[in-house]
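Source: prediction; values computed, not measured. Order of appearance sets the numbers: ligands from 1, and atoms from 1 within every ligand.
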Amino acid sequence: MSDASPRPLRELGDVSVAKLRHIGEKRTTALASMGIENVFDLITYYPRLHVDRTRRAELSELSVGDTAAVLGEVTKVSARRTRQGRALVEVSVSDDGGSFRVVFFNQAWRERQLGVGTQALFFGTLGEYRGTRQMTNPLVDVIVGPSGEERDPSRVGRVVSIYPASGKAGLTSWELGGFIEESLRRAGPLLDPLDAATRTRYELIDRTAAYFQIHLPRELADVAPARRRLVFDELLRLQVLIALRRRHLERLARGVAHPVSLEDLDVRPGAPTRASDSLVKRFLAQHEFAPTSAQRRVLEEIFTDLAGTVPMNRLLQGDVGSGKTLVSLVALLGVIDQGRQGAILVPTEVLAEQHVAALRRDVEGLVVTDERVLGGARPLNVALLSGRLRAKERQQVLAGVASGSVDVVVGTHALLSDDVRFRALGLLVIDEQHRFGVEQRATLRDEGRERSDEGRDPDLLVMTATPIPRTAAMVLFGDLDLSVIDEMPAGRRAIETRTATTSSEVQRCWQHVRDEVGAGRRAFVVCALVEGSERIEATNAVDERTRLALNELRGLSVGLLHGQMKSDEKEAVMASFRSGELDVLVATVVIEVGVDVPDATVIVIEDAWRFGLAQLHQLRGRVGRSDRQSYCYLLGDAPSDEAARRLDALVHSNDGFALAEIDLELRGEGTLLGARQQGRSDLRLADLRRDEALVHDAQDLARAMVAENSVALATIEDELRLFVDEVEATYLFKS
Ligand code: ADP
Ligand code: MG
């Protein structure tokens, strides 16, 4: 692997690890079990941390209760079983300053891993047992194995890279470091897609130097610039991929221009209209409230997209209760005005039913022109396509969708199943809870086109249920244009949120529920989340409803809603809650997204700590939907610090965007990015909070590169073949 001209990164993906010295069949298998198959995998297997040997924690300086990483050598190891039959491995470890004991429960393989002579980093809390200092089940990074056969003194620098070594695979951090070093040396200089001027502009070091400095730093100060460069490369590749997908979409798309008028958006409630006016105009004139200025601005962005031939591909972000539904409805009307249809895809049946009910209320009295009916006009028709419809009803809806007599159809994922055909689908709205990935969205659009007789790409409007930080949106939804509703409808008051843990606080909470009901309002009670079992969750809700009806809420009419109920039961319950026949609704998380009952002013969330921050904010958003003061009670004692901080954040903030930032901070982006459905993610080093500025830089540069079709673009496209499958590569890339 050595020649003079710089080597393209992708070539390293073609070189099997088996080509390296000291790697035979056994180690090839071991590496494969860690997801490392080729030299590219190896050099992007980054150190977990770097230890400055001259400044690491010395045992002699530590006291019991300290959490630290101690570098030491195993002097003794033994294994036995405890009286309860658990495997117990005891290891004696010393460093220059002293010794301590490490014990592992239920990790019998540690005996083999930590033979006498092994050097390892033990990370944990120092405790004490019968007068001896010890760590229990610490994290272990083996640096050099017991025999030390490949201990190359030249690699013992001041700074040691510690790799997330897999004890089970039997490879030490030291060995991994050796393979990586050999890979880097044999690869030689790597082709850098960024020229010197670009590197200077973004304060980046050269690529080859970056790989060396992150794996083999001479001093700790080498690491940060190396990391910066490699993170930039990851983000740049991702943003280039996103930009290429956009370009592809724009080139191939056969969208429809919907000539909507921006002036129509300024019509106020009560304005006089004529039958010949646009639907948008007639709707806004008959609607009870005017759009907020944020809704107005966002609608203008959407209308501008609708008017163009490139299909809209837009993400609508807005906090809970900011009025995303109105925005989507007006957009739909703009499309229906042109004789096309709209579809709304929602995550749950309850939501589908509610949407249909609300839409029917909102569009009541609106008439659309339809040549096929007598008189050339008929009422605007909103249909529900639920998985639970009877066969005959379903046939009716399908026939209407196919003939064009249905203007808007609402449903869950089944909406785009094979037997559904639209006459002309103009706009697909995704009110999403589960965050679809880029590819799923592309599929939805394709399905939308295929199911439509017109064969055109529908415009796409994605609405997030919960705000996510802008940087995260750029990564998760980078293929979408972003519209943000950053203002709540006038007159909203912040929801007052309180925790209730002591029994007197809990009593006061239920008393408050009774008071609100007495004043003509309604309340939600959300039962604890049960991970993994909707059935148990439902049973709990049933019990809790009975308990509350007999005790704290005796005398009130208490309803029940959970995911195991039949669709028509759910619908009936929601209707009586909405009408006020029911005072209190005891529910599982099925009410999480979108349920809209403006008269509800209290929500009590039991065992609130079991829910995630975003979910709690969503749940809380079920109240505070009118100009009346609303309240949220968080019941239950937080069992951990992290949970307590979540609840505390909620008490102190009503701003979904701010909470999203806190959530990201508390949980890291792993969970967020985990929602991306791809196994070949390139983001190994990037950290969205820490690297926020780089996300922006990378997006700017990527867009410019794609627009200019620069030489560097070809290099990045080549690298992207490491992550993108062949099919996608052939249509995305130039050659
Ligand atoms: P979300 O963004 O959470 O989906 P919704 O669309 O359900 O919010 O709207 C929340 C509530 O605010 C609804 O009751 C809706 O009728 C009301 N609303 C929406 N837009 C306005 C507005 N411009 N003025 C007054 N109320 C509004
Ligand atoms: Mg909504």
**Asked** Would you say P489 has any N or O atom under 3.5 Å from an N or O of ligand 1, going by distance alone?
**Response** no
**Item:** Candidates R360, R378, R340 - the one meeting salt bridge (Lys or Arg N to Asp or Glu O under 4.0 Å) with D407
**Value:** R378
**Request:** Would you mind listing which atoms of ligand 1 come within a distance below 4.0 Å of any non-hydrogen atom of T292?
**Result:** 23 (N)
**Asked** Is any N or O atom of A290, backbone or side chain, closer than 3.5 Å to an N or O atom of ligand 1?
**Response** yes
**Request:** Under 4.0 Å from a heavy atom of V320: give me the atoms of ligand 1 that qualify, with their elements.
**Result:** 3 (O)
**Item:** Contacting atoms of ligand 1, where contact means under 4.0 angstrom from a heavy atom of D319
**Value:** 2 (O)
**Item:** Interfacing atoms of ligand 1 (cut-off 4.0 Å, heavy-atom, G323)
**Value:** 1 (P), 2 (O), 5 (P), 6 (O), 8 (O), 9 (O), 19 (C)
**Asked** Does S322 have a non-hydrogen atom less than 4.0 Å from ligand 1?
**Response** yes
**Message:** Closer than 3.5 angstrom, by distance alone: can the side chain of R514 be matched with the main-chain N or O of E552 as a donor-acceptor pair?
**Reply:** yes
**Item:** Sidechain N-carboxylate O distance under 4.0 Å for D648, R645
**Value:** no
**Prompt:** Is M463 touching ligand 1 with its side chain, its backbone, both, or neither, if touching means heavy atoms under 4.0 Å apart?
**Reply:** neither
**Prompt:** So which bit of R492 gets within less than 4.0 Å of ligand 1, heavy atoms only: side chain, backbone, both or neither?
**Reply:** side chain
**Prompt:** Would you call the rings of H512 and Y633 parallel, tilted or perpendicular, where under 30° means parallel and over 60° means perpendicular?
**Reply:** perpendicular
**Item:** For D596, atoms of ligand 1 separated by under 4.0 Å from a heavy atom
**Value:** 13 (C), 14 (O)
**Request:** Provide the closest heavy-atom pair for T273 versus K281 in the form atom of the first, atom of the second, distance.
**Result:** CG2-O, 4.1 Å
**Message:** For a quick check under 3.5 Å, do E487 and S293 share a side-chain donor-acceptor pair by atom type?
**Reply:** yes
**Message:** Going by side chain to side chain donor-acceptor pair (under 3.5 Å), name the residues that satisfy it together with Q338, two or more places apart in sequence or in a different chain.
**Reply:** none
**Request:** Check the surroundings of atom CZ in R498: do more than 12 heavy atoms from other residues, nucleotides or ligands lie under 6.0 Å from it?
**Result:** yes
**Prompt:** Is D599 salt-bridged to R521, cutoff N-O under 4.0 Å?
**Reply:** no
**Asked** Can you list the ligand 1 atoms lying under 4.0 Å from a non-hydrogen atom of P291?
**Response** 23 (N)
**Complete:** Short version for A490: what comes under 4.0 Å of ligand 1, heavy atoms counted, is neither
**Request:** Using a 4.0 Å heavy-atom cut-off, say whether T325 meets ligand 1 through its side chain, its backbone, both or neither.
**Result:** both
